[in-house]
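To keep things clear, I will list the structure first and then write my remarks on it.
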Amino acid sequence: MKKEGKPISMITVYDAAFARMAEAAEIDMLLVGDSAANVMLGMDRTAGISMEAMCLFTSAVKRGAPNSYIISDMPFGSDSTPKSAACNAKKFIEAGANAVKVEGLPLDSLRAIIEEGIDLVGHLGLLPQTAKNFKQTGGNEEEAEEIFEQAKVLDSLNPCAIVLEHIPNTLGKKITQATDAPTIGIGAGKETDGQVLVMHDLLCMHPFKLPPFAKKFANFWEAGVNAFSDYKKWVNEK
Ligand code: KIV
């Protein structure tokens, strides 16, 4: 999969309607991110979302995009032991996922998922489930070395991809060159094997400040507010 061929496009989706759109646009991989906690449920932290909610979002995405490669995010705490990791990963596969994504390097849990024959996607760099803040990580030599070493360990497990979040471009490039698994960057520069964006940032679906690495490809917020206002006017005019 790695390096040969075209860069990999991945976006987050959480429901059938947008999953259908993403499949029509031939996006390579759909991520049912635990960012659903923020963008779908209005929570402050991704750590607040449950397995039940994530399975519900996964099954909706599967119904909307039955032919796409779907990755479900293991929510905070769901992979805290090898047994719970394997059991919860199986629930995602039953709900329609092709792979599961795990933040960080809980090695025994990662191995337990792989032993079930389930495709694994890693996630290194900024880890929103446990991060104290959302600033770039890997900016000093020590942090960069730690993330690089984690990437090599993760790569030895043969994951189907490694998401790299909010790290310096140079580190994104170095990891990409050193690993066999394709790297998917979100704020990791343009030298990774692919890119992922949160759908609500990409479509600008909210009025909030976007993360520095996000890129806007549409303005759904403005279009939506205008459409609702026009509808209200139309109702008022009977
Ligand atoms: O949950 C999510 O949306 C993610 C992306 C930021 C990669 O993990």
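Quick note: residue numbers are just sequence positions, from 1. In each ligand, atom 1 is the first atom listed, and ligand 1 is the first ligand listed.
- The Val198 neighbourhood of ligand 1 comprises atoms 3 (O), with distances under 4.0 Å to a heavy atom of that residue.
- For the pair Glu103 and ligand 1, no heavy-atom separation below 4.0 Å is found.
- Regarding atom 7 (C) of ligand 1, its nearest protein heavy-atom neighbour is Leu31 CD2, 3.7 Å.
- For ligand 1, the atoms lying closer than 4.0 Å to a non-hydrogen atom of Lys101 are 4 (C), 8 (O).
- Contacts of Thr12 with ligand 1, taken as heavy-atom pairs under 4.0 Å, involve the side chain alone.
- The aromatic rings of Phe220 and Phe18 are tilted relative to each other, their planes meeting at an angle between 30° and 60°.
- Considering only non-hydrogen protein atoms, atom 2 (C) of ligand 1 sits nearest to Ser35 OG, 3.3 Å.
- Below 4.0 Å from some heavy atom of His123 lie the following atoms of ligand 1, by number and element: 8 (O).
- Around the CG atom of Asn236, the shell of radius 6.0 Å holds more than 12 heavy atoms that belong to other residues, nucleotides or ligands.
- Remark: the Thr176 side chain and the Thr183 side chain contain an N/O donor-acceptor pair separated by less than 3.5 Å.
- Residue Ile186 has at least one heavy-atom neighbour below 4.0 Å for each of these atoms of ligand 1: 6 (C).
- Listed by chain and number, the residues in a salt bridge (charged side-chain N to carboxylate O under 4.0 Å, His left out) with Lys90 are Glu116 (sequence neighbours excluded).
- Looking at Lys152 and Asp155, no side-chain N of the basic residue comes within less than 4.0 Å of a carboxylate O on the acidic one, giving no salt bridge.
- Looking only at atom types and distance, the side chain of Gln129 has a donor-acceptor partner in the side chain of Asp34 under 3.5 Å away.
- In this structure Glu94 satisfies the salt bridge (charged side-chain N to carboxylate O under 4.0 Å, His left out) test with no other residue, sequence neighbours excluded.
- Of the polar atoms of Glu165, none of the N or O atoms is found under 3.5 Å from an N or O of ligand 1, judged by distance alone.
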